[in-house]
Amino acid sequence: MSPPKETNNKINTAKSSDGTIVKAGPIVKREKVILHIDGDAFFVGVEIAKNPKLRGLPVVTGEERGIVSALSYEAKALGITRGMPIFRVKREFPKVKILPGDYHSYVEYSTKMFDIVRRYVDDVEEYSIDECFGELTGLDKPLGMSYRQIAERIKKEVNEELDLSVSIGLAPTKVLAKVASNWVKPNGLTVIESALAVDFLQKVPIKKIWGIGPRTAELLNRKDIMTAKDFYDKDIAWIKLILSKPYETIWQELHGISVMEIDSAPKTVYSSVQKTRSFHPSTNDKTFLWSQLSKHIEDSCRKARHFNLVPRKFSIFLKTKDFEFVTALILLPSPSNSPEILLPLAHAHFENIHKKGVLYRTTGVTLLDLMADFVPQDDLFGSNAQASKFETIHKQIDLLEEKFGKIVIYLGSTKNAIDHKAQDGGTDSEDLDKNLLFL
DNA sequence: TCTGGGGTCCTAGGACCC
DNA sequence: TCTGGGGTCCTAGGACCC
């Protein structure tokens, strides 16, 4: 192994591709180089790539959910924000183009974007649909490019091949790389050296740092910590005293000490799986609420089966009109991802938590303590025999559904929820009637 | 009778992310 | 901005044990 390379301390400036001047000092050899790439208004970006006529217009997505999920920069300029109700957009901004989300396309573009990054980088962590981290450390030599050049190439290829705009950050840690990719947006490329990190952090409000949410920001503000630099300037002992472990990690990362690993393993292990649905107006209709829960149980079990996971327990919850949670935790006698096993257990608890006269706005189911599926003991006389019969049936149905590319069979208790969906302009419920399985 | 110190496991709930 | 649908991790505190 060669010793760490001496670095000269000359600092030069360079122009990023969008013309912004960014300080680019020497990158110290022993430090990591982490890339963070972030799609600019990603969902809307994909819509524009699909239909270039939309370029330059105020566009939002989220029509089917009733709130804005993504918005173009033109829409933002009008004063529209994420989460704004669609009816308000229609009323106050009649010229804005409102689109339903097209999740399949988003996944497709997301995959293509990550594949471009992987042309250059082996260790890529797909952090969310529109963001990933890449470990560039040491790739400059074999690729024959500077780190900045690698980032520029990736950006150019995403721009040209996918017609998508992205912002990129390069820094010695993940947290700093997030600061960097956010620094110039859209279409930015920013490098943060640890020696220069303070210059950036001075201009970043503490609440903008990844991992510091509104609660903690407020607490810190009360202690006169307003910017990321204020936080940086505290000593670690103080952080430990006031806050919990994740914040020590953030402090170290801001100081250029990389403690968060890049996790490039594809996501196949979940510790929980959740399905929820809100509706308006809020309702007390028991049949309706139960059918919603029934559907959530079916859908969450389907997802668990897809990843070969079984829960040891699960919870059902109702959220009231006033955003109060009522939940019931249910332990399974033996782990199972067959809805027929969960449903009767859930029903008893549902009867308990559902109160007369209370209006509910959301239903939800979470499968918890997921573990890798195992073949149940061959106990022919006990409940396991029945459970494994259900598992066999579901495996067949899952295969069928994969073949048809859609959900074809539902349990009878879910019927009401399906009908309701059909009314919203979804699938034809008469088609589904044939496929209901009654127990 | 009165009482210590330490460990593990579990749960609820808070806080955060996109 | 009266608020969608997924997730993760951490901590405090109780139960139980020696």
Side-chain angles (χ1 to χ4, degrees), chain A residues 36-43 60-71 75-76 78-89 91-93 100-101 103 106-107 110 125-133 174-175 178 181-182 206-220 240 242-250 259-260 263 267-282 292 295-296 299-300 303-304 307 309 312-315 317 319-331 359 361-370 424:
Chain A
H36 180 248
I37 174 166
D38 195 359
D40 298 323
F42 188 70
F43 291 179
V60 309
T61 70
E63 185 175 33
E64 80 293 351
R65 296 204 303 193
I67 59 162
V68 174
S69 9
L71 58 164
K76 199 178 280 176
L78 294 176
I80 298 172
T81 55
R82 255 193 95 207
M84 185 182 279
I86 292 291
F87 73 82
R88 258 193 74 190
V89 178
R91 199 175 55 202
E92 296 171 34
F93 311 95
Y103 208 75
Y106 307 153
V107 170
S110 169
E125 174 179 341
E126 299 183 8
Y127 179 68
S128 75
I129 192 157
D130 71 329
E131 274 180 57
C132 68
F133 292 97
K174 288 170 89 173
V175 171
K178 285 274 264 186
S181 65
N182 225 345
I206 188 62
K207 66 165 185 284
K208 295 281 236 177
I209 297 296
W210 185 37
I212 299 194
R215 281 281 147 73
T216 308
E218 205 185 305
L219 188 151
L220 290 170
K240 281 186 189 183
I242 303 293
L243 301 166
S244 63
K245 218 170 168 185
Y247 302 93
E248 291 173 40
T249 302
I250 293 169
V259 283
M260 298 173 74
D263 180 10
K267 186 79 188 164
T268 56
V269 181
Y270 291 85
S271 48
S272 70
V273 163
Q274 185 170 306
K275 293 285 168 187
T276 67
R277 181 67 86 215
S278 299
F279 29 84
H280 56 267
S282 298
Q292 292 279 321
K295 183 172 189 303
H296 295 327
D299 291 345
S300 57
K303 179 164 178 182
F307 288 100
L309 297 168
R312 275 184 284 216
K313 53 192 187 190
F314 69 105
S315 71
F317 72 82
K319 203 191 315 182
T320 71
K321 191 168 165 278
D322 303 320
F323 285 82
E324 265 159 35
F325 274 89
V326 204
T327 94
L329 183 70
I330 300 151
L331 272 73
L359 294 176
R361 58 148 30 240
T362 309
T363 55
V365 167
T366 312
L367 307 186
L368 295 157
D369 262 16
L370 291 167
D424 286 352

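Owing to the predicted nature of the structure, the values given are computational and were not obtained by experimental measurement. Throughout, a chain's letter reflects where its sequence line sits, starting with A, and its residues are numbered from 1.
Taking every side-chain heavy atom of A:Ser278 into account, C:dG5 is the closest of C:dG5, B:dC16, C:dT8. Of the candidate nucleotides C:dT8, C:dC10, B:dA12, C:dC10 has the atom nearest to the side chain of A:Pro246. Listed nucleotides: C:dG6, B:dT11, C:dG4. Nearest to the side chain of A:Leu331: B:dT11. Distances were taken from every side-chain heavy atom of A:Lys267 (C-beta onward) to each of B:dC18, C:dT1, C:dT8; the shortest belongs to C:dT8. Distance from the side chain of A:Arg65 is smallest to C:dG5 among B:dA12, C:dG5, C:dT8. Distance from the side chain of A:Tyr247 is smallest for B:dA15 among the nucleotides B:dA12, B:dA15, C:dT8. Counting only heavy atoms from C-beta on, A:Arg277 has its side chain closest to C:dG5 among B:dT11, C:dG5, B:dC18. Proximity note for A:Glu131 (side chain, C-beta onward) versus C:dC10, C:dG5, B:dC18: the nearest is B:dC18. Side-chain proximity of A:Leu329 to the nucleotides B:dT11, C:dT8, C:dG4 is greatest for B:dT11. In the set C:dT1, B:dC18, C:dT11, the nucleotide with an atom closest to the side chain of A:Tyr127 is B:dC18.
In this entry the distance linking CZ of A:Phe323 with P of C:dG5 reads 10 Å, nearest Å. For the pair A:Ile212 CD1 and C:dC9 P, the interatomic distance rounds to 19 Å; values are reported in whole Å. Per the geometry, CD belonging to A:Glu218 stands 14 Å off C1' belonging to B:dG14, to the nearest Å. One interatomic measurement links the two molecules: NZ of A:Lys295 to P of C:dG5, which rounds to 11 Å at whole-angstrom precision. Per the geometry, CZ belonging to A:Arg215 stands 22 Å off P belonging to C:dC9, to the nearest Å. We find that CD1 of A:Ile86 is positioned 12 Å from P of C:dT3, with the value rounded to whole Å.
Nearest heavy-atom pair across A:Val60 and A:Ala75 is CG1-CB, 4.0 Å.
Residue A:Lys313 is classed as a sugar-phosphate contact, given heavy-atom separations below 4.0 Å to backbone atoms only. No contact: A:Tyr103 has no heavy atom under 4.0 Å from any strand. A:Ile209 comes within 4.0 angstrom of sugar-phosphate atoms only, judged by non-hydrogen atoms across all strands, and of no base.
One finds a salt bridge joining A:Lys174 and A:Glu125 here, because a Lys/Arg side-chain nitrogen approaches an Asp/Glu carboxylate oxygen to under 4.0 Å.
Between B:dC18 and A:Arg82, no contact under 4.0 Å exists linking OP1 or OP2 to a side-chain N or O. Listed pair A:Lys178 / B:dC18 meets the phosphate criterion, a side-chain N or O lying under 4.0 Å from OP1 or OP2. OP1 or OP2 of C:dG4 has not a single side-chain nitrogen or oxygen of A:Thr276 nearer than 4.0 Å. Contact annotation: A:Thr216 does not reach the phosphate of B:dA15 (side-chain N/O to OP1 or OP2, under 4.0 Å). For the OP1/OP2 pair of C:dC9 and a distance below 4.0 Å, the side-chain nitrogens and oxygens of A:Lys245 include no atom meeting the criterion.
Centroid-to-centroid, the aromatic rings of A:Tyr247 and A:Trp210 stay 6.0 Å apart or farther.
Taking the C1' atom of each, C:dC17 and B:dG4 are spaced 14 Å apart, rounded to whole Å.
Remark on DNA chain C: of its neighbouring residues A:Gln274 and A:Ser244, the 5'-side contact belongs to A:Gln274, judged by nearest-heavy-atom nucleotide. Heavy-atom distances to DNA chain C give each of A:Val273 and A:Phe87 a nearest nucleotide, and the one nearer the 5′ end belongs to A:Phe87.
When side chains are defined from C-beta on, A:Leu370 does not count as touching A:Phe314, because their heavy atoms never get closer than 4.5 Å.
Inspection of the A:Thr363 and A:His296 side chains reveals an N or O donor paired with an N or O acceptor under 3.5 Å.
Annotation: the span from A:Asp38 atom CG to A:Ser181 atom OG amounts to 5.0 Å, rounded to 0.5 Å.
Relative orientation of the A:Phe133 and A:His36 rings is tilted, given thresholds of 30° and 60° on the angle between their planes.
The environment of NZ in A:Lys321 is sparse: at most 12 heavy-atom neighbours from other residues, nucleotides or ligands sit within 6.0 Å.
Where DNA chain B pairs in unbroken runs of 3 or more (Watson-Crick or G-U, both distances under 3.5 Å), the stems are B:5-18 with C:5-18.
With A:Tyr270 as the aromatic partner, A:Lys267 meets the cation-pi criteria of under 6.0 angstrom to the ring centre and within 45 degrees of the ring axis.
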